[in-house]
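Some notes on the structure that comes next.
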Amino acid sequence: MAEREFEERGVLIRRGWRQLTTAGRIRVAGGRLTLLNSRGSEIDSAPLSEVRLGEPWYVPRGCVRAVLGRTVYLLRLPPSRARDVAEAAHRARR
């Protein structure tokens, strides 16, 4: 099993206006970014080469806009961890 470079629990995950889970997980491991629901089932996953992450100015602190392939998600993390997910994804791409 690949070593996890980053994992955060208790993440609110939205796709558009639809809230998918309030206690989800984000995992960066093995060159992939994976979004999981509270039970551990995969919501979506993509290779890091196809993932774009950013903190838009128009959302509250702690929210990250993640584009996996062509699907846009809004992830709400603790503000101190929001930047960590982008940095972990960047490090894992190398």
Side-chain angles (χ1 to χ4, degrees):
M1 184 170 177
E3 183 180 328
R4 291 188 185 126
E5 288 125 15
F6 179 87
E7 184 167 343
E8 183 68 27
R9 295 172 182 263
V11 178
L12 181 132
I13 301 174
R14 298 177 65 112
R15 182 174 54 218
W17 292 105
R18 185 169 177 225
Q19 182 172 306
L20 302 176
T21 184
T22 58
R25 286 190 281 170
I26 302 171
R27 182 182 301 157
V28 177
R32 296 185 71 80
L33 185 132
T34 306
L35 303 177
L36 304 161
N37 67 13
S38 57
R39 296 181 182 201
S41 298
E42 186 176 299
I43 294 171
D44 200 353
S45 177
L48 290 171
S49 60
E50 297 177 14
V51 173
R52 292 190 319 256
L53 296 170
E55 294 181 79
W57 61 269
Y58 52 85
V59 296
R61 284 193 51 203
C63 289
V64 175
R65 182 177 184 263
V67 181
L68 281 69
R70 292 185 175 187
T71 308
V72 179
Y73 295 94
L74 187 65
L75 314 171
R76 182 168 220 156
L77 299 115
S80 61
R81 299 289 285 170
R83 184 157 289 155
D84 294 344
V85 68
E87 290 173 1
H90 181 70
R91 278 193 315 266
R93 283 183 187 156
R94 294 181 192 169

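- When all heavy atoms of Cys63 and Pro56 are compared, the closest pair comes out as O-CD, 4.4 Å.
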For a side chain to side chain contact (heavy atoms under 4.5 Å, CB included) check, start with the C-alpha distance between Leu53 and Leu33, then their side-chain angles and the critical distance, and finish with the verdict.
CA-CA 10 Å; Leu53 296 170; Leu33 185 132; 4.2 Å; yes

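- Considering all non-hydrogen atoms of both residues, Thr34 and Ser45 come closest at OG1-OG, 3.4 Å.
- Looking at residues two or more places apart in sequence or on another chain, you find a side-chain contact (heavy atoms from CB on, under 4.5 Å) between Arg15 and Arg18, Leu20, Thr71, Tyr73.
- Distance check: Arg25 CZ to Ile13 CD1 gives 10.0 Å after rounding to the nearest 0.5 Å.
- For Asp44, there are no salt bridge (Lys or Arg N to Asp or Glu O under 4.0 Å) partners, not counting sequence neighbours.
- Here the closest heavy-atom approach between residue Ala29 and residue Glu5 is recorded as CA-OE1, 3.8 Å.
- Side-chain heavy atoms closer than 4.5 Å link hydrophobic residues (I, L, V, M, F, W, Y) into clusters, and following such links, even through other members, never connects Leu74 to Val28.
- With rounding to the nearest 0.5 angstrom, the CZ atom of Arg83 is 13.0 Å from the NE2 atom of His90.
- The shortest non-hydrogen separation linking Leu12 to Arg14 is CD2-CG, 3.4 Å.
- Side-chain atoms of Leu36 and Ile43, non-hydrogen and from C-beta on, never get closer than 4.5 Å to each other.
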If you apply the rule side chain to side chain contact (heavy atoms under 4.5 Å, CB included), what do you find for Val85 with Leu75, and how did you get there?
CA-CA 10 Å; Val85 68; Leu75 314 171; 5.7 Å; no

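- Between Ile26 and Leu77 the shortest side-chain heavy-atom distance falls below 4.5 Å.
- Here Arg81 contributes atom CZ and Glu87 contributes atom CD; the two are 10.0 Å apart, rounded to the nearest 0.5 Å.
- Annotation for Arg32: atom CZ counts as buried by contact number, over 12 foreign heavy atoms lying within 6.0 Å.
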